[in-house]
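Computed from a prediction, not measured in an experiment: that's the story for all the values here. One is the number of the first residue; the rest follow in order along the sequence.
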Amino acid sequence: MEEVQGRNIICEVIEDSIAAKLSIKKGDKLLKINHQTIEDIIEYMFLLAEEELEIEIEKEDGSLKVYSIRKEYDEDLGIVFENPIIDEAKSCRNKCVFCFIDQLPKDMRKTLYFKDDDSRLSFLQGNFITLTNMSDNDIEKIIRYRISPINISIHTTDPDLRKKMLNNKTAGNIMKRLEKLSDAGIRMNGQIVLCPEINDGKNLDKTIEDLSRLYPAMVSVAVVPVGLTHFRENLYPLRCFNEKEAKETIHQIHRWQKKLLKEIGSRFIFLSDEFYVTAKQEIPTYEAYEDFPQLENGVGLMAKFYKEVQEHLPSIQNRDVKEKIVSVATGISASDFMKKLCAEIERYLQPIKIQVYPIHNDFFGNTITVSGLITGSDIIKALRHKHLGVKLILPSSMFKAGENILLDDKTTDELERILNVPVIIAEVSGLDFINKIINDERNMEV
């Protein structure tokens with residue numbers, strides 16, 4: 001077996017954990033649990049559930065140590081691996097006609113160009129996979145280790161069309177694989193990237209009909225519009241949905257939701273917020289999204305955010321706040337929604353003034369309107385000569401997870417230096433957003 005960089009190497013031992021008490025150290029390598037070689041994080045998690053373990057460790061000096069451990073069921077050993085999934089992430093061999101990575105310009109952060117299609121990342125991080133880059137043995141492994149839930153990019157259940165859309169001759173067996181996972185009780189969430197005149201209309205009806213038969217194993221399906229940048233030279237000809245087509249798709253999905261709610265007790269199929277923005281229609285109510293199974297696809301984000309703000313507003317009414325100006329930057333698609341919402345917040349937080357700035361996406365092109373694809377360069381270009389008040393609030397969706405780095409590697413420190421204002425990252429949460437508006441930040445001359 002080919003050696004994978006960082007496989008099984010321990011980079012941290014949690015204080016007072018089982019591993020710490022056994023003097024397992026950073027730099028040691030986990031080889032086996034109960035005589036089974038550990039090849040990826042799923043095997044590790046599965047075997048770790050046992051109450052009696054025999055673990056084999058290779059020390060930094062090359063010596064081997066075997067430890068016998070008695071522990072509580074599901075009690076953790078307290079070790080962190082250098083490579084989070086232990087094994088090498090499996091890359092995607094598809095050439096999807098709508099692939100966003102193929103539409104990126106050159107010279108961006110290297111990690112942005114990696115196309116993962118790994119069930120372990122689907123389970124651990126919520127990534128979507130196509131099931132096309134997996135062997136039958138990989139499918140059996142999902143079932144054996146109960147890797148659930150997993151998120152699956154489906155797009156269409158028509159075998160020939162799916163082969164064409166994914167540019168993969170093996171992509172047509174999607175229903176067979178989904179049925180096998182369903183029969184084994186693996187929970188799934190599906191995704192459809194909808195492309196005008198390709199997999200919409202009657203084809204979408206057939207896809208929804210096929211997938212709804214897999215409920216409740218197939219928990220939900222999200223429909224998102226294709227995203228197109230202006231870096232599409234020599235790629236498959238695609239276009240965005242227009243207002244009329246978006247309205248037709250909304251009507252189609254709402255018809256299915258009504259039917260499925262009656263038949264299976266769930267709306268099952270959900271549209272991303274972008275469709276309602278394109279159609280210039282009100283977003284559905286909070287209740288229409290059930291338990292929000294597809295937030296990561298932008299499904300119901302606005303409804304959830306609005307509800308959270310509304311619930312929190314009465315608690316801040318008549319609160320003693322200082323007069324100040326606060327600025328908020330957002331993508332074009334959410335700008336009208338945010339302006340309306342911030343006007344409501346202002347009424348409760350007088351004399352605070354909230355300025356909402358829509359950021360045009362010059363970097364990727366004006367067809368990209370979501371906040372999550374805004375770059376630091378475009379923020380600077382839009383706000384450089386604006387009076388931003390005491391702080392600029394940006395949504396966490398603009399940033400690399402857990403860090404203050406935007407898509408073009410610009411940081412909050414750079415934005416603060418150029419815009420001469422504190423830059424505050426707010427979670428996509430109504431409560432956090434209001435708190436970030438109210439709370440005083442560090443002093444900076446503006």
*Asks:* Assess the side chains of Glu323 and Gln350: does a donor N or O sit below 3.5 Å from an acceptor N or O?
*Replies:*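 Looking only at side-chain atoms, Gln350 and Glu323 do not form any donor-acceptor pair under 3.5 Å.
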*Asks:* Any heavy-atom pair between the side chains of Thr330 and Tyr357 that's under 4.5 Å?
*Replies:*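 Side-chain contact under 4.5 Å: no.
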*Asks:* Checking Thr411 against Asn404: is there a side-chain donor and acceptor pair closer than 3.5 Å?
*Replies:*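 Per modelled atom types, Asn404 and Thr411 side chains form no pair under 3.5 Å.
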*Asks:* For the residue pair Ser272 / Asn297, report whether a side-chain donor-acceptor contact shorter than 3.5 Å exists.
*Replies:*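 Side chains of Asn297 and Ser272: no pair found under 3.5 Å.
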*Asks:* Tell me yes or no: between the side chains of Ser266 and Glu290, is some donor less than 3.5 Å from an acceptor?
*Replies:*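 Yes, a side-chain donor-acceptor pair sits under 3.5 Å.
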*Asks:* For Met398, which of Val370, Ile379, Leu407, Leu373 qualifies under side chain to side chain contact (heavy atoms under 4.5 Å, CB included)?
*Replies:*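 Among Val370, Ile379, Leu407, Leu373, the one that satisfies the side chain to side chain contact (heavy atoms under 4.5 Å, CB included) with Met398 is Ile379.
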*Asks:* Quick one: which residue pairs count as a salt bridge (Lys or Arg N to Asp or Glu O under 4.0 Å) with a foot in residues 209-232, not counting sequence neighbours?
*Replies:*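 Listed by first then second residue: Lys206-Asp210, Asp210-Arg213.
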*Asks:* Go through Tyr286 and Lys304 one step at a time and tell me if the side chain to side chain contact (heavy atoms under 4.5 Å, CB included) criterion holds.
*Replies:* CA-CA 6 Å; Tyr286 180 90; Lys304 186 173 185 291; 4.3 Å; yes
*Asks:* Tell me if a side-chain donor or acceptor on Lys324 pairs with a main-chain N or O of Ile438 at a distance below 3.5 Å.
*Replies:*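 Yes, because the side chain of Lys324 sits within donor-acceptor range (under 3.5 Å) of the backbone of Ile438.
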*Asks:* Working note: Leu228 + Val226, criterion side chain to side chain contact (heavy atoms under 4.5 Å, CB included); need CA distance, chi angles, decisive distance, verdict.
*Replies:* CA-CA 6 Å; Leu228 305 176; Val226 61; 3.7 Å; yes
*Asks:* Can Thr170 and Asn168 be counted as having a side-chain donor-acceptor contact under 3.5 angstrom?
*Replies:*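 Side chains of Thr170 and Asn168: pair found under 3.5 Å.
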*Asks:* Could you check whether Ser333 and Glu274, counting side-chain N and O atoms only, form a donor-acceptor pair closer than 3.5 Å?
*Replies:*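 Checked: Glu274/Ser333 side chains show no N/O donor-acceptor pair below 3.5 Å.
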